[in-house]
Amino acid sequence: MFFHEPVLLQESIKFLITNKAGIYCDATLGHGGHALEILKNISNKGILIGIDQDPESIKIASQRLKKNNSNYLIVHQNFVHLNKIFQDHQISQVDGIIFDLGYSRTQIKNPQRGFSYKLNGPLDMRMNLNQKEDAQFILREYDVEELEWIFVNYGEVRYGKVLAQAIVHHREIKNIETTGELLEIIKKVVPKLFFKNKNPSRQVFQALRIAVNNELEFLKSALVQSIQNLKKNGRLVVISYHSLEDKIVKQIISELNQIKIINKNKIIKPTQSEILANPSARSAKMRIFQK
């Protein structure tokens, strides 16, 4: 089975773990790459809490982690519920929390999930498959103004209004149900000039995915809860992949008191060798904070 390659693995663990007998939380468990490394670097007295909202990722991570120490627990939940998760498990404060905000290649490469414009499949895009509203729902039910707002604010799409109008017009004839159908609409309304350097469909799909999963609002809340649940001198490590995420990280931290930026003068990025081995790491930025 293919496992998602964790980004900035050694760098993140180096900054995250300050107490080998501490309590650590991987808020984006995924396939368990960072979690496995955390378990290797804490003692038997330490504890790891892994959180993920994707049931497929939970299944894969559970299989991988069970081969190691038993000093961990896995929670199937969105990290926006961090406070409740800690309360439910009688955890008052933790020594470190890590967020890797990227999507795994298995999610992207599965056409049934609908994340990629390169693969034809149902327009789903839900991270939590128990959630009712998917990308099809948004394209079917939202009006022109709402769609335009999503495209402009979540994807920085320059042609957001024209695209929103085209989608509403198209659904009067037929609902948009597949990634291929959406791609055809994008190609019709976007000038060919925009396709020369980078396919603008990427921005549209990013915007829809963020809207479906309420990613940015959930991230804001989760970051605040993370700081609240950190012990004094506890660490928060955040790996982001696009400017909207990184902007929120900087904004939230700037609004909170008693937070020290560990890498204030230098954003940590993957080396060229890591990018060559794992191209999905190319846009990653890591920021580290201490309470």
Side-chain angles (χ1 to χ4, degrees), residues 6-30 33-42 46-53 72 75 77-87 89 91-103 210 214-271 274 281 283-291:
V7 175
L8 291 165
L9 179 60
Q10 299 304 323
E11 296 90 338
S12 60
I13 302 304
K14 170 188 171 183
F15 285 103
L16 178 69
I17 297 177
T18 56
N19 173 17
K20 288 187 176 293
I23 303 173
Y24 293 91
C25 174
D26 184 345
T28 49
L29 181 62
H34 285 102
L36 281 169
E37 199 66 23
I38 292 171
L39 285 173
K40 290 177 185 177
N41 284 272
I42 61 176
I47 298 173
L48 167 69
I49 306 149
I51 302 169
D52 208 290
Q53 62 175 328
Y72 69 87
V75 181
Q77 188 54 273
N78 189 298
F79 55 50
V80 74
H81 302 294
L82 213 53
N83 280 342
K84 187 176 188 307
I85 292 168
F86 289 154
Q87 289 168 7
H89 293 90
I91 295 170
S92 56
Q93 289 186 311
V94 299
D95 294 85
I97 302 175
I98 182 170
F99 289 83
D100 179 353
L101 302 173
Y103 279 60
I210 290 173
N214 204 9
E215 291 179 20
L216 301 185
E217 292 305 313
F218 283 179
L219 176 59
K220 289 178 185 178
S221 177
L223 289 173
V224 173
Q225 292 176 61
S226 295
I227 299 300
Q228 292 171 345
N229 286 283
L230 277 180
K231 293 178 181 178
K232 184 180 179 182
N233 297 321
R235 295 279 179 90
L236 170 64
V237 175
V238 185
I239 303 172
S240 61
Y241 293 82
H242 57 76
S243 59
L244 297 176
E245 291 172 341
D246 193 48
K247 183 179 179 181
I248 285 174
V249 175
K250 291 185 291 184
Q251 173 196 333
I252 294 298
I253 295 301
S254 68
E255 294 172 356
L256 297 173
N257 296 322
Q258 298 177 322
I259 299 301
K260 177 183 177 182
I261 304 173
I262 300 297
N263 61 326
K264 187 173 184 179
N265 298 321
K266 184 182 179 181
I267 298 173
I268 299 174
K269 299 180 180 180
T271 62
E274 179 174 2
S283 59
K285 294 180 180 179
M286 186 169 76
R287 297 184 185 273
I288 306 107
F289 310 96
Q290 182 170 301
K291 189 170 181 179

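In terms of heavy atoms, Asp52 sits closest to Gly30 at OD2-N, 2.7 Å. Across all non-hydrogen atoms, the minimal contact from Gln93 to Leu230 is NE2-O, 3.2 Å. Of all heavy-atom pairs spanning Ile267 and Asn263, the tightest one is CA-ND2, 3.9 Å. Annotation for Pro270 and Ala284: closest pair CD-O, 3.4 Å, computed over non-hydrogen atoms. Among all heavy-atom pairs drawn from Ile97 and Ala27, the shortest one is CG2-CB, 4.3 Å.
The main-chain N or O of Leu101 is never found under 3.5 Å from a side-chain atom of Thr28 such that the two would form a donor-acceptor pair. Side-chain atoms of Ser221 do not come within 3.5 Å of backbone N or O of Phe218 as any donor-acceptor pair. In this structure a side-chain-to-backbone donor-acceptor pair under 3.5 Å is missing from Asp95 to Tyr24. Without hydrogens or angle criteria, Arg235 side chain to Phe15 main chain gives a donor-acceptor distance under 3.5 Å. With hydrogens and angles ignored, the 3.5 Å screen pairs no side-chain donor or acceptor of Glu245 with any backbone N or O of Ser240. With hydrogens and angles ignored, the 3.5 Å screen pairs no side-chain donor or acceptor of Lys220 with any backbone N or O of Ile252. With hydrogens and angles ignored, the 3.5 Å screen pairs no side-chain donor or acceptor of Asp26 with any backbone N or O of Gly50.
Annotation: the span from Lys250 atom NZ to Glu255 atom CD amounts to 13.5 Å, rounded to 0.5 Å. To the nearest 0.5 Å, atom CG of residue Asn78 and atom CD of residue Glu215 are 9.5 Å apart. Residue Leu16 holds its CG atom at 13.0 Å from CD of Glu11, rounded to the nearest 0.5 Å. Gln228 CD to Phe86 CZ: the interatomic distance, rounded to the nearest 0.5 Å, is 11.0 Å. For the atom pair CG of Leu8 and CD1 of Ile98, the computed distance is 9.0 Å after rounding to the nearest 0.5 Å. Taking CD1 of Ile91 as the reference point, atom CG of Asn83 lies at 12.0 Å (rounded to 0.5 Å).
Counting heavy atoms from C-beta outward, Ile85 and Gln225 have side chains that stay 4.5 Å or more apart. With a 4.5 Å cut-off on side-chain heavy atoms, Ile51 and His81 do not count as touching. Between Asn214 and Val80, every side-chain heavy-atom pair lies at or beyond the 4.5 Å cut-off. Leu223 is not listed as a side-chain neighbour of Ile253, based on a closest heavy-atom distance of 4.5 Å or more. Residues Ser226 and Phe289 have side chains not in contact (no heavy-atom distance under 4.5 Å, counting atoms from C-beta outward). Taking 4.5 Å as the limit, some side-chain heavy atom of Val75 sits within range of a side-chain heavy atom of His89.
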Could you please spell out the steps behind the side chain to side chain contact (heavy atoms under 4.5 Å, CB included) verdict for Asn229 and Cys25? CA-CA 10 Å; Asn229 286 283; Cys25 174; over 6 Å; no

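Listed by chain and residue number, nothing satisfies the side chain to side chain donor-acceptor pair (under 3.5 Å) test with Lys247 (two or more places apart in sequence, or in another chain). Residues that satisfy the side chain to side chain donor-acceptor pair (under 3.5 Å) test with Gln87, not counting sequence neighbours, are absent from this structure. Qualifying side chain to side chain donor-acceptor pair (under 3.5 Å) partners for Gln77, counting only residues two or more places apart in sequence or in other chains: none. Residues meeting the salt bridge (Lys or Arg N to Asp or Glu O under 4.0 Å) test with Lys84, sequence neighbours left out: Asp88. Under the side chain to side chain donor-acceptor pair (under 3.5 Å) criterion, Ser283 pairs with no residue, sequence neighbours left out.
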Please output the side-chain donor-acceptor pairs of residues 33-42 that fall under 3.5 Å, not counting sequence neighbours, one pair per line with the distance.
from: His34; atom 1: NE2; to: Val7; atom 2: O; distance (Å): 3.0
from: Asn41; atom 1: ND2; to: Glu37; atom 2: O; distance (Å): 2.7

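Remark: Lys231 NZ is packed, more than 12 non-hydrogen atoms of other residues, nucleotides or ligands lying under 6.0 Å away.
Residue Arg287 forms a side chain to side chain contact (heavy atoms under 4.5 Å, CB included) with just one option from Asp246, Ile268, Ile261, and that option is Asp246.
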